[in-house]
Amino acid sequence: MTLEEIHGQQPLPAGHDWMQGAGTALHELLVSAQRRGCLTAGVYESAKLMNVDPDNVAFCVLAADQEDEGDIALQIHFTLIQAFCCENDIDIVRVNDVAKLAAIVGPSEDSGEPRDLHCILITNPNEEGWKDPALEKLNLFCEERRNVNDWVPTITLPE
């Protein structure tokens with residue numbers, strides 16, 4: 001019996017197509033989570049939420065551009081967040097284009113100013129039984145990547 005038969009899913013697409021599908025699913029999840037008020041943006045805001053209510057966190061996105069790779073403080077935050085997510089069974093992905101992420105998520109609704117998008121958490125909404133198909137796709141993607149020892153896969157967002 002295969003994993004697909006156990007979960008009643010279609011077999012996972014191979015290679016690049018599946019990576020593109022994960023990018024599209026992440027885009028859909030971010031839009032849906034923001035609409036439902038289930039999106040927390042910012043390294044410090046995310047750390048506070050994970051400290052207070054880790055059971056409510058469903059998914060984590062870490063984002064860094066090329067110039068952020070040299071930011072030691074940010075890399076330390078990423079390492080701590082990754083460790084926390086692994087300890088609490090929270091799926092986590094990386095995105096290498098903060099500008100695309102900003103185009104999807106947009107500015108802060110409160111102040112209208114750009115916000116820190118280096119870490120984004122998707123939380124479970126208050127609605128009972130809410131299942132987002134994009135979140136389920138990303139959870140399967142992360143599980144598949146972990147099977148090949150890619151614990152924090154990098155996703156490319158669609159154009």
Side-chain angles (χ1 to χ4, degrees), residues 12 18-127 130-158:
L12 298 174
W18 180 233
M19 292 297 254
Q20 284 183 324
T24 302
L26 180 58
H27 182 276
E28 292 169 7
L29 178 63
L30 291 169
V31 170
S32 174
Q34 185 159 349
R35 190 173 40 244
R36 293 180 183 275
C38 302
L39 188 140
T40 301
V43 172
Y44 295 110
E45 291 82 359
S46 297
K48 285 191 295 190
L49 178 66
M50 285 190 281
N51 189 41
V52 172
D53 192 11
D55 294 334
N56 197 35
V57 178
F59 199 78
C60 179
V61 179
L62 296 178
D65 286 327
Q66 196 75 3
E67 60 268 8
D68 293 325
E69 296 300 323
D71 185 342
I72 300 301
L74 183 61
Q75 296 308 316
I76 291 170
H77 286 296
F78 281 4
T79 301
L80 294 171
I81 291 168
Q82 289 173 30
F84 186 89
C85 288
C86 289
E87 181 74 23
N88 289 282
D89 297 323
I90 299 167
D91 287 326
I92 183 170
V93 296
R94 286 190 73 129
V95 172
N96 289 333
D97 195 337
V98 177
K100 281 185 187 177
L101 205 52
I104 296 168
V105 176
S108 173
E109 293 175 9
D110 298 334
S111 65
E113 294 185 21
R115 51 184 160 177
D116 174 15
L117 298 177
H118 289 108
C119 182
I120 296 177
L121 297 181
I122 308 300
T123 57
N124 293 315
N126 295 330
E127 304 166 20
W130 176 70
K131 297 279 186 199
D132 190 306
L135 178 58
E136 291 178 17
K137 286 179 190 174
L138 285 167
N139 290 145
L140 278 174
F141 170 78
C142 288
E143 182 179 335
E144 185 72 18
R145 298 308 304 161
R146 280 192 302 271
N147 288 338
V148 293
N149 290 324
D150 185 4
W151 295 93
V152 184
T154 300
I155 291 181
T156 302
L157 291 168

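Heavy atoms from other residues, nucleotides or ligands lying under 6.0 Å from CD of E67 number more than 12. Atom CD of E69 sits in a crowded spot, with more than 12 heavy atoms from other residues, nucleotides or ligands closer than 6.0 Å.
Scanning all heavy atoms of the two residues, the minimum distance from R115 to G106 falls at NE-O, 3.4 Å. Between G23 and P158 the shortest heavy-atom distance is O-CD, 3.4 Å. When every heavy atom of A102 is checked against every heavy atom of L117, the shortest pair comes out as CA-CD1, 3.3 Å. N88 approaches P54 most closely through the heavy-atom pair OD1-CB, 4.2 Å.
Between P133 and E136, every side-chain heavy-atom pair lies at or beyond the 4.5 Å cut-off. Looking at heavy atoms from C-beta onward, L121 lies in side-chain contact with M50 at the 4.5 angstrom threshold. Here the side chains of F141 and L26 are not in contact, with every heavy-atom distance at 4.5 Å or above. Put simply, the side chain of N147 reaches to within 4.5 Å of the side chain of E144, judged on heavy atoms.
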For D68 and H118, what are the C-alpha separation, side-chain angles and deciding distance, and is it a side-chain contact (heavy atoms from CB on, under 4.5 Å)?
-> CA-CA 9 Å; D68 293 325; H118 289 108; 3.1 Å; yes
Between V93 and L62, does a side-chain contact (heavy atoms from CB on, under 4.5 Å) hold up when you go through it step by step?
-> CA-CA 6 Å; V93 296; L62 296 178; over 6 Å; no
CA sep, side-chain torsions, deciding dist, call: L138, I155, side-chain contact (heavy atoms from CB on, under 4.5 Å) = CA-CA 10 Å; L138 285 167; I155 291 181; 3.8 Å; yes
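Note that OG1 of T154 and CG of D97 are 12.0 Å apart. Values are rounded to the nearest 0.5 Å. Separation of atoms CG (L101) and CG (D65) is listed at 9.5 Å; rounding is to 0.5 Å. Here CG of L157 is found 4.5 Å from CD1 of I104. Values are rounded to the nearest 0.5 Å. For the atom pair CD1 of I92 and CH2 of W151, the computed distance is 12.5 Å after rounding to the nearest 0.5 Å. Remark: Q34 CD to I122 CD1 distance equals 9.0 Å, nearest 0.5 Å. Here OG1 of T156 is found 12.5 Å from CZ of R94. Values are rounded to the nearest 0.5 Å.
Remark: of the listed residues D91, I120, I81, I81 is the sole one forming a side chain to side chain contact (heavy atoms under 4.5 Å, CB included) with C60. For the side chain to side chain contact (heavy atoms under 4.5 Å, CB included) criterion with F59, the lone passing option out of I90, T123, L135 is L135.
Under the 30°/60° scheme for interplanar angles, the aromatic rings of Y44 and H77 are found to stand perpendicular.
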